[in-house]
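Just so you know, ligand 1 is whichever comes first in the structure, and atom 1 is the first atom listed for that ligand.
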Amino acid sequence: MTSNVVLATPESIAAAADLLSEGGLVAFPTETVYGLGGDATRERAVARIFAAKGRPHFNPLIVHLAPGWPAEEIAIMDERARRLAAAFWPGALTMVLARAPGCPIVPLAGAGLDTIALRMPAHPIAQALLKKVHLPIAAPSANPSGQLSPTEAAHVAAGLGSKVDLILDGGKCPGGLESTVIDLSVAEARILRPGLVTQAQIEAVLGMAVAVVAENGAPPGSAAEAEELKSPGMLASHYAPNKPLRLNAQKAEPGEALLAFGPNPPRSIHASLNLSPKGDLAEAAANLFAYLHRLDASKAHTIAVMPIPEAGLGAAINDRLRRAAAPRP
Ligand code: TXA
Ligand code: MG
């Protein structure tokens, strides 16, 4: 069997950059999750990303920039954006901004919106690839739409297979959760997706309170529902394994696998994995998707998940778990 997974080396990164500049699709590691990259200035490459993921065309993509790339060529960087970029770029913060005049990103990448989501990743392999290709690269998480995000090259291969031209294997993603998405296209900045950069970290830099947009239960047709559609990653069911999830479990019932957190977890007769025996939220975030992938492949009928504290990174972990447990369409 042939495989499109290659270890990331200077040579394979150069080959990956060539593929991208020819309109191909390359999956690559970032400090958050693996991304499915394509040339953000080329309509066909962006269309292929949507097709490979089975992603609805109303859900816009994040554009990734090499360190030092002038972001103001792409989007209007106001004072807030400049401060957040200075504090968190390169890193796990995505900013939704007004498009700059002459913005080279094809409208499809932004799902036809007049805004664009920008991020400068910190992972050395992502940076080497972005520098080499010298193009803005659109990259959603490298998984089929709605399914678990990939934190290892093998997850990408299992989910997308030959729909991607090349998968650069850079090992496990250190962060394990997606970037925080903050909307700066409005007067009052708000967090559209909790992620590795916490609300408190952002508030400290901006010197003001920043709301996290309410997620579920918006009445149809309401302003709140329209808000949800602004970041369709915020739609209820997402990040979902094949097996159902049961949240806030104190123990595993018969037939359940257990996703534990903290010291001395209860036993499970099926598979059991502990996100962080010492109760560390960063460690739990790094393990979350990889452990869900593994328990999803176990014999259990359901994955029982122990409670995770909501503080700090816990907000992003619980956001993913609630969506993974949400009713499927
Ligand atoms: O960590 C990450 O952000 C990863 C890595 C690969 O960078 N990427 C990622 O992309 O998670 P994706 O496509 O799975 O999630 C992008 C999120 C979605 O919730 C999308 O709706 C939102 O960003 N988004 C993108 N452009 C937007 C825009 N113009 N306005 C509002 N939300 C936007
Ligand atoms: Mg995603």
Donor-acceptor contact present, side-chain D39 to main-chain I137, <3.5 Å: no
Between T94 and S179, a side-chain donor and acceptor under 3.5 Å: yes
Proximal ligand 1 atoms for H64, defined as those under 4.0 Å from one of its heavy atoms: 5 (C), 6 (C), 7 (O)
Winner among S141, A111, A98 once heavy atoms are compared against atom 9 (C) of ligand 1: S141
E152 (side chain) donor-acceptor with A290 (main chain) under 3.5 angstrom: no
Among I182, L196, I116, I62, closest by any non-hydrogen atom to atom 16 (C) of ligand 1: I62
salt_bridge(D78, R80) N-O dist < 4.0 Å: yes
Proximity of E31 to ligand 1 by residue part, where a heavy atom lies under 4.0 Å: neither
Where ligand 1 meets S179 - atom numbers and elements under 4.0 angstrom, heavy-atom basis: 1 (O), 2 (C), 3 (O)
Numbered atoms of ligand 1 (with element) below 4.0 Å of A139, judged on heavy atoms: 6 (C), 8 (N), 10 (O)
Y239 six-ring face occupied by R323 cation (under 6.0 Å, within 45°): no
Min N/O separation T30 to ligand 1 under 3.5 Å: no
Of the listed options L177, T115, L192, closest to atom 29 (N) of ligand 1 (non-hydrogen atoms): T115
Total protein N, O or S atoms, the Mg ion (ligand 2), separation less than 2.8 Å: 1
Gap separating the NE2 atom of H238 from the CG atom of L148, nearest 0.5 angstrom: 10.5 Å
Closest to atom 26 (N) of ligand 1 (judged by heavy-atom distance), picking from G37, A117, A109: A117
E11 with K132: basic N within carboxylate O range, under 4.0 Å: no
Ligand 1 contact by G110, heavy-atom criterion under 4.0 angstrom: no
Residue H301 excluded, over 12 heavy atoms near NE2 under 6.0 Å: yes
Ion pair check, K251 and E253, cut-off under 4.0 Å: yes
Nearest-0.5 Å distance, CG of residue N318 to CG of residue L281: 8.5 Å
Close N or O approach (N59, ligand 1; < 3.5 Å): yes
G35 neighbourhood, listing ligand 1 atoms whose heavy-atom distance to it stays under 4.0 Å: 6 (C)
Test item: side-chain donor near acceptor, R119 and T30, under 3.5 Å: yes
Side-chain ion pair, D114 and R99, N-O less than 4.0 Å: no
Side chain, backbone, both or neither: L61 near ligand 1, heavy atoms under 4.0 Å: backbone
Exercise: do E178 and S149 side chains pair donor with acceptor under 3.5 Å: yes
Polar atom proximity, Y34 to ligand 1 (N or O, under 3.5 Å): no
Ligand 1 N/O within reach of T32 N/O, cut-off under 3.5 Å: yes
